[in-house]
Protein chains: 2
Amino acid sequence: MSSPNGTQAIDRAAMLLAQVVHGSEPVSFTELTAACGLAKSTTSRLLMALERHQLVRRDSDGRFWPGELFVRYAWRGTAGAHLVAVAQPFLDQLGEQTSETINLGVATGGTGGGQAGRDRAAGPANAGVTARAGGGGAGSDVSDMMVRQIAQVNSRYLIGGTNWVGLAVPLHCSALGKVLLAFGGAAMPSEPFEARTPRTITTRAALAAELGTVRDRGFAVTDEELEPGLVAVAAPVFAGGLTAIAAVSVSAPASRLTADLIPATAARCVAVASALSATLGSPPGLDRSRGSTAA
Amino acid sequence: MSSPNGTQAIDRAAMLLAQVVHGSEPVSFTELTAACGLAKSTTSRLLMALERHQLVRRDSDGRFWPGELFVRYAWRGTAGAHLVAVAQPFLDQLGEQTSETINLGVATGGTGGGQAGRDRAAGPANAGVTARAGGGGAGSDVSDMMVRQIAQVNSRYLIGGTNWVGLAVPLHCSALGKVLLAFGGAAMPSEPFEARTPRTITTRAALAAELGTVRDRGFAVTDEELEPGLVAVAAPVFAGGLTAIAAVSVSAPASRLTADLIPATAARCVAVASALSATLGSPPGLDRSRGSTAA
DNA sequence: AACTAGGTTCCGGAATATGGAACTCCCTCC
DNA sequence: GGAGGGAGTTCCATATTCCGGAACCTAGTT
């Protein structure tokens with residue numbers, strides 16, 4: 001009487017799997033039974049099946065981690081393209097609403113670079129699992145991160161953004177970059193900041209203040225700070241964590257995206273970025289009715 | 001009569017899921033029914049359940065891709081730590097066999113950096129999915145990739161490797177780097193190559209020849225090319241694809257790892273790296289007997 | 001040594017998943 | 001324009017498969 005279809009077992013297994021992959025901490029058997037409201041025996045059977053298929057992995061303490069299939073997927077190198085695929089409908093929607101150039105950007109480069117950078121930063125630090133040795137990298141070269149555009153929807157106007165896919169720009173003067181900085185998706189660049197235009201923010205103090213504003217209002221603006229005549233707004237994308245994994249921007253000529261239009265445009269950008277975050281980060285929309293403990 | 005346990009539905013769903021996540025190409029419904037030997041109705045029901053739980057995603061052509069849960073996991077930033085966790089038992093084993101310093105390394109830095117680097121490289125290029133615009137990055141800075149050690153097992157001797165976790169070294173003079181270069185896990189560095197020791201390979205031609213050797217015999221050696229007195233061998237780790245995602249190395253003082261011992265040590269290194277690759281890359285060990293088409 | 005917590009195995013019962021057939025939709029070919 | 005066919009979903013009776021309580025096992029604790 002619970003699942004509208006005939007897939008109770010899979011619904012339950014998926015629920016367990018989502019719990020395991022969802023949390024950053026490994027989860028114990030008991031926590032899982034409680035969280036999903038299943039009988040011990042059922043949980044045990046399901047978890048053993050998931051483990052057999054490498055969907056979850058059990059450490060020496062008996063706690064559950066995402067399985068080899070996930071690790072393998074993450075390292076396979078297609079996750080970037082898939083993020084684009086998942087995001088595209090959202091970007092399209094924003095493009096229709098605004099008619100302007102839409103971009104999806106991620107942190108990249110720097111020592112370790114983008115995703116990898118966060119991996120390394122987090123990896124050795126929290127390597128608690130079984131890893132030997134502590135953290136302190138005697139790392140050498142420290143180059144700044146950038147923000148790279150990985151997807152784009154073109155403006156419907158004749159004057160608009162050219163093709164920026166693949167292009168990397170500095171963090172401190174782009175809307176995408178400011179968002180990533182403000183929401184923990186990128187590391188603060190080192191001074192001096194390159195002055196791309198007379199309006200570019202060039203001091204750490206000024207940038208820090210700007211990032212505070214970005215955090216407060218939930219979006220970033222770059223007003224002819226990257227290129228004269230270019231105005232853009234951007235909002236953060238999360239994937240269930242506390243740090244932004246990407247950012248969505250709307251870019252336009254300064255003549256079209258005037259100060260009075262920025263709030264409304266930014267609101268749309270934030271809404272779309274939030275929707276994308278929800279898709280990536282919210283637990284699966286289980287339609288289960290969990291009232292099944294009793295007979 | 002098939003599954004030794006009572007988890008037929010989950011076994012089948014996991015089989016489907018593995019098929020989808022396994023291949024780099026999206027898979028069609030019909031291919032899945034055929035590959036798994038299931039009835040159309042069963043396949044349909046199971047896939048709808050998986051889709052509902054964001055474990056698979058269906059594109060506009062009806063083909064199946066890894067779902068949001070996977071994309072989200074990959075971008076969550078914990079995949080690095082999990083690779084270490086999965087690899088650790090293998091590294092430990094190699095450490096016991098050799099008593100020497102064992103490292104796991106991945107490509108990092110450079111424009112785009114490590115994993116992210118491969119993502120970007122593959123991303124825009126194959127962005128076929130629905131992405132607008134082609135590839136050509138007008139990218140600016142081009143810094144070389146390095147190899148970063150992300151896990152280590154310490155030598156049991158008093159003289160051995162110090163803690164290298166977090167440290168990044170050049171590709172051209174380390175065993176790990178040579179392996180990544182030889183098996184497509186890193187991009188060729190730009191000349192001139194830094195001469196860390198008198199033996200360091202410093203020309204592109206010489207390095208290319210060396211990489212050919214590495215490919216042929218399946219492992220790399222660095223013989224006092226990175227630091228005087230340091231000898232190391234390394235072997236590639238794959239995750240189901242054609243390019244190495246990481247490398248495993250054994251490092252020792254030149255006095256202990258003498259030329260006559262290198263072949264046996266390298267063989268052990270290769271064996272362990274292969275075992276790790278199998279864990280990451282092989283489809284789950286389904287014990288299913290698929291003979292269930294007929295009644 | 002007895003006790004508790006955490007987890008697995010066993011078993012009868014019935015709810016649940018199964019697969020053939022019917023059905024819908026869309027595309028192609030004549 | 002109509003017939004044909006491929007792709008996928010829905011329906012339904014059936015019995016297979018999964019469920020959950022209880023027994024059982026293994027470690028760690030007092």
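Residue numbers start from 1 in every chain, and the chains themselves are labelled A, B, ... in the order their sequence lines are given, proteins ahead of strands. The figures that follow rest on heavy atoms only: side chains count, while hydrogens, waters and symmetry mates do not.
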Anything under 3.5 Å between a donor and an acceptor, one on a side chain of residues 41-48 of chain B, the other on a protein residue two or more places apart or in another chain? List them.
residue	atom	partner	partner atom	Å
B:T43	OG1	B:A39	O	2.9

* Structure fact -> Walking DNA chain C from its 5' end, the first of A:R63 and A:A9 to be reached, judged by nearest nucleotide, is A:R63
* **Nucleotide C:dA17, atom P - distance to CG of B:L38 in whole Å** => 15 Å
* Upstream residue (5' side of DNA chain C) when A:D61 and B:T42 are each assigned their closest nucleotide -> A:D61
* Using atom CG of B:L32 as one end and atom C1' of D:dG8 as the other, report the distance to the nearest whole Å. => 13 Å
* To do: Using the side chain to side chain contact (heavy atoms under 4.5 Å, CB included) rule, take B:L69 and B:R72 through it: C-alpha gap first, then chi angles, then the decisive distance, then the call.
  => CA-CA 5 Å; B:L69 192 66; B:R72 180 180 162 202; 4.1 Å; yes
* Nearest-Å distance for atom pair CG/C1', residues B:L47 and C:dG19 -> 15 Å
* Please list, chain by chain and in numerical order, all residues satisfying side chain to side chain contact (heavy atoms under 4.5 Å, CB included) with B:T30, sequence neighbours excluded. => B:S28, B:T33
* Going through the distances and angles, do A:V84 and A:L91 end up as a side chain to side chain contact (heavy atoms under 4.5 Å, CB included)? -> CA-CA 9 Å; A:V84 170; A:L91 305 182; over 6 Å; no
* To do: Taking side chain to side chain contact (heavy atoms under 4.5 Å, CB included) as the test, write out the residues that go with A:V270, two or more places apart.
  => A:F219, A:A235, A:S274
Can you pull every protein N or O that's under 3.5 Å from an N or O on nucleotides 9-11 of chain D?
residue	atom	partner	partner atom	Å
D:dT9	OP1	B:R58	NH1	2.7
D:dT9	OP2	B:S44	OG	2.8

* Structure fact -> By side chain to side chain contact (heavy atoms under 4.5 Å, CB included), A:Q19 pairs with (sequence neighbours left out) A:L32, A:A35, A:C36
* Asked: With sequence neighbours excluded, what pairs up with B:R58 under the salt bridge (Lys or Arg N to Asp or Glu O under 4.0 Å) test?
  -> B:E51
* Asked: With respect to the phosphate group of D:dC18, does any side-chain polar atom (N or O) of A:Q8 fall under 4.0 Å of OP1 or OP2?
  -> no
* To do: Return the value, rounded to whole Å, for the distance between atom CD1 of B:I10 and atom P of D:dT17.
  => 14 Å
* Send over the distance from B:E31 CD to D:dG8 P, rounded to a whole Å. => 9 Å
* Asked: side chain to side chain contact (heavy atoms under 4.5 Å, CB included) with A:R57: which of A:W65, A:F64, A:F70?
  -> A:W65
* To do: Check whether any side-chain heavy atom of B:V71 sits under 4.5 Å from a side-chain heavy atom of B:P66, and report yes or no.
  => no
* To do: Rounded to the nearest angstrom, tell me the gap between atom CG in B:D59 and atom C1' in D:dA7.
  => 14 Å
Report all interatomic pairs (protein N or O, nucleotide N or O of nucleotides 25-27 of chain C) with separations under 3.5 Å.
none

* Structure fact -> Residue set satisfying ring pair (Phe, Tyr, Trp, His ring centres under 6.0 Å) with A:F183, at least two apart, ordered chain then number -> A:F238
* Could you tell me which residues satisfy side chain to side chain contact (heavy atoms under 4.5 Å, CB included) with A:A49, sequence neighbours excluded, listed by chain and number? => A:R52, B:T7, B:I10, B:D11
* May I ask you to evaluate whether B:R12 reaches the phosphate of C:dA17, defined as a side-chain N or O under 4.0 Å from OP1 or OP2? => no
* To do: Mind grabbing the angle between the end helix axes of the helix from C:dA1-D:dT30 to C:dC30-D:dG1? Five pairs an end, 10° rounding.
  => 40°
